[in-house]
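First the structure, in the form of structure tokens, and then the observations on it.
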Amino acid sequence: MAKSVLLTLGRLPKSLELARSFKRAGWRVVIAEPFSWHVSRLSNSVDVCERVTAPAESRQRYLDGLLRVISGQSIDLVVPISEESMHVAALHDRLPSGTTMFAPSQDTLLSLHDKHAFILRAESYGLNVPQTHAATAPEAKALSLSGPHVVKPVFSCSGRGVKIFKRATPLATEDIAPNVIVQQFIPGQVYSSFSIAHKGRALVSAIYKGTVMSGTVAVAFERVTHAPAIHAWIDQFVAEAGHSGFISFDFVETSDGKVSAIECNPRMTSGTHFVHPDDLARAILDPEDPKPIRFKSETLFQQFYPCLTETQKSVFRPAERRNNLKYLFGSRDVIWQANDPLPLLLMPMASYQILALSIFKGLSFGEAATRDIEWTSA
């Protein structure tokens, strides 16, 4: 009898990517999702979809709902996907005998997700990071008056609440709060990463840059095949932390080649789409396997409908429109598979809740997709 994996989100393309990989590995795939309709529900790689309460509505009912699914579907492995990971990790000590979770403890995840705690940890490892202070500290006021800076919540998600100031600007009264940080703004090329780690070793790290953006979230992206300084930064952090699980970072590379990490996202990101489908689940299930984790041959991907939306929004901005059109027509969609066509063909219906918020409420795709699952406070 096939083993069963529970993926704790189905609405995002990376959820579908992982579902397909587990199905190829011979596993039965179950999705738990607050949305009644989502892109993974349409896939022939998904066996069962269960609806649960959104954690933003009630954390306790969300966790109880997950336990109900785990028990009712005889789940062997739980794999958190995105921002809901911070909530799901609280179940570590409540899982039935024989069920495991591919994620570290909730305390570990939150210490990485916390934008200030992460910076302090990276500094202790001797790694490059921007100057960062709690907004209530005197140093934060001095930093804001010294030049370009960023103000953001310690648990910011998908760019929500992030304010970028390109020149010295006094802190607003509402920003001088315990859950806010002030960070030095570093101009340069922004890169993102996605890694799967095991006992302090990065098994695979995909480095990529956004080519079409929805707010601060990339909806088209390109893998960078040569980034030794970023790989070295990731490898050192993962080794020092002894990390196991998913881990992702955002970096800035300045004109002189210096690399600094801005923040950590201890979850899957769009870099997932670059990993070979035969090896994505294998890295989770058999991390001691000596065979290297491979990448797909393609280095350009897009999320078609969000990319189309951003292209339509840029109709009166010629330079941005040309860039968006280039990647809209020149990148492969992350969802499309000829043997599993419905997720892309019916995505406007399945993702209506996300697309409607993005189009009619002016939210970025990332904000619309995560507002009901994000972690807002400890």
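Panel note: side chain S21, backbone P277; a donor-acceptor pair is recorded below 3.5 Å. The main-chain N or O of R68 is never found under 3.5 Å from a side-chain atom of S71 such that the two would form a donor-acceptor pair. Formation of a donor-acceptor pair under 3.5 Å by the H92 side chain with backbone atoms of P104 is found in this model. Side-chain atoms of Q131 never come within 3.5 Å of backbone atoms of Q184 as a donor-acceptor pair (strictly under, hydrogens ignored).
By the 4.0 Å N-to-carboxylate-O rule, R201 lies too far from D235 to be salt-bridged with it. The pair K23-D47 counts as a salt bridge, with a side-chain nitrogen and a carboxylate oxygen less than 4.0 angstrom apart.
Both F237 and Y191 are assigned to one and the same hydrophobic cluster, defined by single-linkage of ILVMFWY side chains at heavy-atom distances under 4.5 Å. Note on V154 and V180: separate hydrophobic clusters, where clusters join Ile, Leu, Val, Met, Phe, Trp and Tyr whose side-chain heavy atoms are under 4.5 Å apart, directly or indirectly. A continuous path of hydrophobic side-chain contacts links I234 to F118 [ILVMFWY only; heavy atoms under 4.5 Å]. Grouping the Ile, Leu, Val, Met, Phe, Trp and Tyr side chains by contacts below 4.5 angstrom, directly or via other members, places W27 with M268. Follow the hydrophobic side-chain contacts under 4.5 Å out from V29 and you reach V79 in the same cluster.
The structure places OG of S36 at 5.5 Å from CD of Q353, a figure rounded to the nearest 0.5 Å. R20 contributes atom CZ, which lies 7.5 Å from atom CG of N44 (distance to the nearest 0.5 angstrom). Of the inter-residue distances, the one linking H113 atom NE2 with E374 atom CD reads 8.0 Å to the nearest 0.5 angstrom. Note that the CZ atom of R294 and the CG atom of D279 stand 4.0 Å from one another [nearest 0.5 Å]. With rounding to the nearest 0.5 angstrom, the CG atom of D175 is 6.0 Å from the CZ atom of F165. One finds the CG atom of L9 at 6.0 Å from the OG atom of S82 (value rounded to the nearest 0.5 Å).
Other residues, nucleotides and ligands contribute more than 12 heavy atoms inside 6.0 Å of the CG atom of N339. Sparse packing is recorded around OH of Y352, with 12 or fewer heavy atoms of other residues, nucleotides or ligands lying under 6.0 Å away. Annotation for K141: atom NZ does not count as buried by contact number, only 12 or fewer foreign heavy atoms lying within 6.0 Å.
A 4.5 Å side-chain heavy-atom check between V190 and K209 finds every atom pair outside the cut-off. Between V182 and T132, every side-chain heavy-atom pair lies at or beyond the 4.5 Å cut-off. Side chains of F22 and L77 form a contact here, defined as non-hydrogen atoms less than 4.5 Å apart. Between D76 and T99 the shortest side-chain heavy-atom distance does not fall below 4.5 Å. The closest side-chain heavy-atom distance from F102 to V78 is not below 4.5 Å. Looking at heavy atoms from C-beta onward, H87 lies out of side-chain contact with I373 at the 4.5 angstrom threshold. L110 is listed as a side-chain neighbour of M86, based on a closest heavy-atom distance under 4.5 Å. Residues R282 and K291 have side chains in contact (heavy-atom distance under 4.5 Å, counting atoms from C-beta outward).
None of F274, W336, F221 except one satisfies the ring pair (Phe, Tyr, Trp, His ring centres under 6.0 Å) rule with F301; the exception is F274. The one candidate from R267, K14, R11, R160 that meets the salt bridge (Lys or Arg N to Asp or Glu O under 4.0 Å) condition with E83 is R267.
A donor atom on one side chain and an acceptor atom on the other are found under 3.5 Å apart for Y208 and T269. Counted by atom type alone, E84 and T8 present one or more donor-acceptor pairs between their side chains at under 3.5 Å. Side chain to side chain, S314 and N324 meet the donor-acceptor criterion of an N or O pair below 3.5 Å.
Partners of S40 according to the side-chain hydrogen bond (donor to acceptor under 3.5 Å, both in side chains) rule, which considers only residues two or more places apart in sequence or in another chain, do not exist here. Here K296 pairs with E17 under the side-chain hydrogen bond (donor to acceptor under 3.5 Å, both in side chains) rule; sequence neighbours left out. Applying the side chain to side chain contact (heavy atoms under 4.5 Å, CB included) criterion to Q73, with sequence neighbours excluded, gives R28, V30, V48, E50, V69, I75.
With ring centers used as reference points, F194 lies 6.0 Å or more from F249. A centroid separation of less than 6.0 Å is found between the aromatic rings of F251 and W233.
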Working for salt bridge (Lys or Arg N to Asp or Glu O under 4.0 Å), residues D64 and R94
CA-CA 10 Å; D64 289 345; R94 299 175 61 188; 3.2 Å; yes
Please lay out, stage by stage, how K258 and D256 fare under the test salt bridge (Lys or Arg N to Asp or Glu O under 4.0 Å).
CA-CA 6 Å; K258 182 180 178 180; D256 61 359; over 6 Å; no
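Relative to the ring axis of F295, R223 places its NZ or CZ within 45° and under 6.0 Å from the centre.
Residue V162 belongs to a hydrophobic cluster whose other members are V150, I164, F185, with links defined by side-chain heavy atoms closer than 4.5 Å.
Screening residues 321-339 for salt bridge (Lys or Arg N to Asp or Glu O under 4.0 Å) gives E298-R332 as the qualifying pairs, with residues at least two apart or on separate chains. Contacts classified as side chain to side chain donor-acceptor pair (under 3.5 Å) and involving residues 100-112 (residues at least two apart or in different chains) are given here: S105-T108, S111-R121.
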